[in-house]
Amino acid sequence: MILNLDLPFEPKLLEEINNIGIRKYFLEGDTIINIGNNIKSMPILISGVLKILREDHNGDELLLYFLKQGESCAMTLNCCTRNAKSEIRAVAETNVEILFLPNTKMEEWSANYKSWRNFVFDSYHQRFSELLETIDKIAFLNMDERLLVLLKDKTELQHSLEINQTHQEIANELNTSRVVISRLLKKLERLGKIELHRNRIKIIHL
DNA sequence: ACATTAATTGTGT
DNA sequence: ACACAATTAATGT
């Protein structure tokens with residue numbers, strides 16, 4: 001099957017990836033990787049959006065960043081090469097299609113293909129930047145601003161102006177309480193920026 | 001069509 | 001943060 005990841009891999013590597021990679025499909029909300037899972041293959045996102053979450057000792061979670069087409073998770077990449085357990089959770093934000101590459105090939109490809117090395121480095125770099133961004137948001141933005149950024153990200157990542165989530169779920173992603181989110185959303189609604197429905201938020205303009 | 005119920009959302013303290 | 005009220009959606013009769 002022809003696979004176009006829009007990644008600048010050498011034809012030979014691309015062929016290997018096509019032969020060896022295993023394609024899997026997940027539905028929105030599915031957990032693809034959980035904390036503590038042993039990572040035996042490395043994922044590359046073919047389509048859709050993944051969200052990467054961190055969890056604290058109480059089980060409270062926090063959204064770290066999103067992954068979209070052609071991207072991979074540096075955290076998993078890291079685990080992959082060391083054969084370690086995952087320290088993050090990956091959940092399908094939309095329906096997703098993922099290509100899994102066995103970690104046994106990682107070293108060989110790194111040695112043989114420049115484009116693979118570049119891809120791995122770029123992935124690390126991208127994730128690192130995103131993590132910094134996330135830290136900045138948590139440290140320097142108020143909750144109302146963080147919520148606004150999240151809504152913007154979500155609408156941009158999906159194509160739709162509807163977010164099908166409860167206030168509770170959003171609160172979990174931002175690691176705050178449902179009441180806070182409800183109040184902030186209500187404020188946004190009064191400003192005419194959004195429309196609130198049960199399990200659904202319609203974006204008017206942000 | 002109506003009643004019941006569970007889940008989600010809204011608001012005052 | 002908690003408690004409770006109000007609203008909504010789903011389901012059964």
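By convention in this document, chain letters (A, B, ...) are assigned in the order of the sequence lines, proteins followed by strands, and residues within each chain are numbered from 1. The basis for the numbers below is simple: all heavy atoms, side chains too, and nothing from hydrogens, waters or symmetry mates. Keep in mind that this is a model prediction, so the values were computed, not measured.
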* Residues in side-chain contact (heavy atoms from CB on, under 4.5 Å) with N172(A), at least two apart? -> E61(A), Q168(A)
* Asked: Given the rule that I, L, V, M, F, W and Y join up when any side-chain heavy atoms are under 4.5 Å apart, are I52(A) and I33(A) in one cluster?
  -> yes
* Those residues that, when tested against F119(A), pass ring-ring contact (aromatic ring centres under 6.0 Å, His included) (two or more places apart) -> F9(A), W116(A)
* Cluster link L184(A) to L150(A), ILVMFWY, side chain under 4.5 Å -> yes
Could you give the side-chain donor-acceptor pairs of residues 136-149 of chain A under 3.5 Å, partners two or more places apart or in another chain?
unit_1: E145(A); atom_1: OE1; unit_2: N142(A); atom_2: N; d: 2.9
unit_1: R146(A); atom_1: NH2; unit_2: L174(A); atom_2: O; d: 3.1

* Asked: Who passes side-chain contact (heavy atoms from CB on, under 4.5 Å) against E130(A), sequence neighbours left out?
  -> Y65(A), R127(A)
* Protein-nucleotide distance (H197(A), atom NE2; dA6(C), atom P), rounded to Å -> 22 Å
* Above 12 or not: heavy atoms from other molecules or residues under 6.0 Å from CD of E162(A)? -> yes
* To do: Could you pull out all residues at least two apart from E55(A) that satisfy salt bridge (charged side-chain N to carboxylate O under 4.0 Å, His left out)?
  => R89(A)
* I163(A) CD1 to dT8(B) C1', straight-line distance once rounded to whole Å -> 17 Å
* To do: Kindly write out the residues that satisfy side-chain hydrogen bond (donor to acceptor under 3.5 Å, both in side chains) with E195(A), not counting sequence neighbours, or none if the list is empty.
  => H197(A)
* Which residues within residues 177-187 of chain A lie with some heavy atom under 4.0 Å of an atom in DNA chain C? -> S177(A), V179(A), R183(A)
* Interatomic distance where CG belongs to L188(A) and P belongs to dG10(B) [whole Å] -> 12 Å
Please tabulate the protein-to-nucleotide N/O contacts below 3.5 Å involving nucleotides 10-12 of chain C, giving atom names and distances.
none

* Asked: Going by number, which of residues 199-206 of chain A have a non-hydrogen atom under 4.0 Å from DNA chain C?
  -> none
* To do: Return the set of residues passing side-chain contact (heavy atoms from CB on, under 4.5 Å) with D122(A) (not counting sequence neighbours), or none when no residue passes.
  => none
* Please report the C-alpha distance between L45(A) and F66(A) in whole Å, then the side-chain angles of each, then the deciding distance to 0.1 Å, and finally whether the side-chain contact (heavy atoms from CB on, under 4.5 Å) criterion is met. => CA-CA 11 Å; L45(A) 210 46; F66(A) 292 107; over 6 Å; no
* **Those residues that, when tested against F121(A), pass side-chain contact (heavy atoms from CB on, under 4.5 Å) (two or more places apart)** => none
* Counting only heavy atoms not in H205(A), do more than 12 sit closer than 6.0 Å to its NE2 atom? -> yes
* Asked: Looking at residues 164-172 of chain A, who's got a heavy atom less than 4.0 Å off DNA chain B?
  -> T166(A), H167(A)
